[in-house]
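First up is the structure itself, then whatever we jot down about it.
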2 protein chains.
Amino acid sequence: MSTTGRTETPRERYRQQVREEVKEKAWQQIAGSGASALSLNAIAKQMGMSGPALYRYFANRDELITELIRDAYRSLADAFIAVGDAAAGRPALSALAQVLRRWALEDPHRYFLVYGTPVPGYHAPQDTTAITAEIMSVLLDACTAAAPGARAAAFEEHLAGHREWAGGHPDAPPSALRLALGFWSRLHGVLSLELAGHFTGMGLDPARLYAAEVDGLTR
Amino acid sequence: MSTTGRTETPRERYRQQVREEVKEKAWQQIAGSGASALSLNAIAKQMGMSGPALYRYFANRDELITELIRDAYRSLADAFIAVGDAAAGRPALSALAQVLRRWALEDPHRYFLVYGTPVPGYHAPQDTTAITAEIMSVLLDACTAAAPGARAAAFEEHLAGHREWAGGHPDAPPSALRLALGFWSRLHGVLSLELAGHFTGMGLDPARLYAAEVDGLTR
DNA sequence: CATTCTAGTTATAGCTTCTAACGAACACGA
DNA sequence: TCGTGTTCGTTAGAAGCTATAACTAGAATG
């Protein structure tokens, strides 16, 4: 199953194990106080070893965070793909919406790590753009199934000529592309406002707004 | 015009002046590397004075950031109010959308300070919720003017019973409330994704998506 | 003029990331 | 089985940060 290095030396095993434990502690710390408060030193102490030891496993703080971001992306993509597979490649938009919301609420700090304020020293490796493409692919499958008839609005014409992001779906109609973008931006709109607390004290139920936005997508 | 302390001693004058200069340098620093990299020490050095001097003006780093957030909120509210006034209390939704987008693109770091990942030690003072109410008030004015006929969807019924956030507009129909929330969440959806760079490399023009979302609101 | 209040200073504690130099344990070929 | 080399973890230390404490020079005030 492993793509590379079938012959795993015990050392590489151990090394991978430690890296995994570091990331685990990192997630715990992030869940507590957010990514900006992540401290390599604290993680090391928590693991019973002394500060600089971690630099054998991660070149620096940014590399650890980059790894965490990639894993977070991966977990969302996996959840999307699972829904797609379960629906034989034609998932309902509402199902994807539910997965997205669950994923976001499950760990808001993880959501912010991916979709919140960009961290200063970080630049997305090609990795993550590839993962985004996986997510978009599942979403586009759902959208081509659910797309309404062509309405040929100005924006859809624009999309017909700018579909690099829909690489694997050369035959998806512009209305499907538009639907996918609407899905993505509207739902992230609700989620980011909700998770940042901008609805608290307003009295309304964000889940209902979310549901209403999902509803309004196809109608 | 000043609500308190008409007799400003020269000392208070100076004090206010220094606070203002600190905030100015802080914004410069934030524009450069984001709020997480904001350093009181660096600001002090930049102003030609030594580290701890700034603690005469701000209790700690969080207090400075809180102040910056409040000012950022204020600037958005002022922009909204200006549009409302210019339109004699009935601004077009498209005009508000344009102001919001302009404000966001003008200084993305300022946008993230308010609508991005919440900063750990910060809790919104009552101030900001009051400012949010001002913003919502202008938005609701626009929405009652532009609201379509009642469609009585489930979400609008929910809103009819949960309108604390629309305090100053007791007579706004649920369809207007729903329109305001759609405006707010959809446009923030596009903006937060765009400013965080999630559309780069996708080939599409976020401004057009934004325009399309504005368009779709009332139709 | 004397007192008080305040803005700034230096020193210091405690935290962080990260580099450098060293010791000890392990893996592996002869 | 015995070197030899790689790797892990250590301590020490530089440079940066927030924040407090103690002190001094100057302005405002009675």
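Quick note on labels: first sequence line is chain A, next is B, and so on, each numbered from 1.
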Open item on the list: For A:Glu106, is there an ion pair with A:Arg101 - N to carboxylate O distance below 4.0 angstrom?
Closed with: no

TODO: Please work out which of the three classes, parallel, tilted or perpendicular, describes the rings of B:Tyr115 and A:His198, given edges at 30° and 60°.
DONE: tilted

Task: Whole-Å distance separating the CD1 atom of A:Ile43 from the P atom of C:dC18 - done: 12 Å

Open item on the list: Just to verify, what does A:Val99 make a side chain to side chain contact (heavy atoms under 4.5 Å, CB included) with, not counting sequence neighbours?
Closed with: A:Ala79, A:Phe80, A:Val83

Open item on the list: Just to verify, what does B:Ala26 make a side chain to side chain contact (heavy atoms under 4.5 Å, CB included) with, not counting sequence neighbours?
Closed with: B:Leu38, B:Ile43, B:Leu64, B:Leu68

TODO: Tell me what A:Phe58 touches on the nucleic acid: a base, only sugar-phosphate, or nothing, going by heavy atoms under 4.0 Å.
DONE: nothing

Open item on the list: To the nearest 0.5 Å, what is the distance between CH2 on B:Trp165 and CG on A:Leu204?
Closed with: 7.0 Å

Open item on the list: Check this for me, if you would: do B:Glu134 and B:Arg74 make a salt bridge, where the nitrogen-to-carboxylate-oxygen distance has to be below 4.0 angstrom?
Closed with: yes

Task: For atom CZ of A:Arg19 and atom P of D:dC8, their distance in whole Å - done: 11 Å

TODO: Calculate the interatomic distance between A:Glu12 atom CD and C:dC26 atom P; express it in whole Å.
DONE: 18 Å

TODO: Rounded off to whole Å, could you give me the CG-to-C1' distance for the A:Leu54 and C:dT16 pair?
DONE: 13 Å

TODO: Round to a whole Å and report the spacing from OH of B:Tyr55 to C1' of D:dA19.
DONE: 5 Å

TODO: Could you pull out all residues at least two apart from A:Asp71 that satisfy side-chain hydrogen bond (donor to acceptor under 3.5 Å, both in side chains)?
DONE: A:Lys23

TODO: Residues of residues 62-72 of chain B with any non-hydrogen atom less than 4.0 angstrom from an atom of DNA chain C: list those, numerically ordered, please.
DONE: none

Open item on the list: Using side-chain heavy atoms (C-beta onward) and a distance below 4.5 Å, is B:Arg208 in contact with A:His162?
Closed with: no

Task: Length of the line joining B:Gln29:CD and D:dT18:C1', which is rounded to integer Å - done: 14 Å

TODO: Compare all side-chain heavy atoms of A:Leu195 with those of B:Thr117 and state whether any distance is below 4.5 angstrom.
DONE: no

Pairs under 3.5 Å (N/O, protein and nucleotides 13-17 of chain D):
| residue | atom | partner | partner atom | Å |
| --- | --- | --- | --- | --- |
| D:dC17 | OP1 | B:Ser39 | OG | 3.3 |

TODO: Calculate the interatomic distance between A:Met47 atom CE and D:dC8 atom C1'; express it in whole Å.
DONE: 12 Å

- [ ] Carefully, step by step, assess A:Thr144 and A:His169 under the rule side-chain hydrogen bond (donor to acceptor under 3.5 Å, both in side chains).
- [x] CA-CA 9 Å; A:Thr144 45; A:His169 296 248; 5.3 Å; no

- [ ] Establish, from distance only, whether the side-chain atoms of B:Ser192 and A:His188 form a donor-acceptor pair under 3.5 Å.
- [x] no

Open item on the list: What's the closest nucleotide to the side chain of A:Met49 if the choices are D:dT10, D:dA22, D:dA19?
Closed with: D:dT10

Task: C:dG8 phosphate, OP1 or OP2, under 4.0 Å from B:Tyr14 side-chain N/O - done: yes

Check the interface with nucleotides 25-30 of chain D: list each N/O to N/O pair with the protein under 3.5 Å, or write none.
none

Open item on the list: Using the side-chain heavy atoms of A:Tyr57, tell me which of these nucleotides is nearest: C:dT10, D:dT11, D:dG9.
Closed with: D:dG9

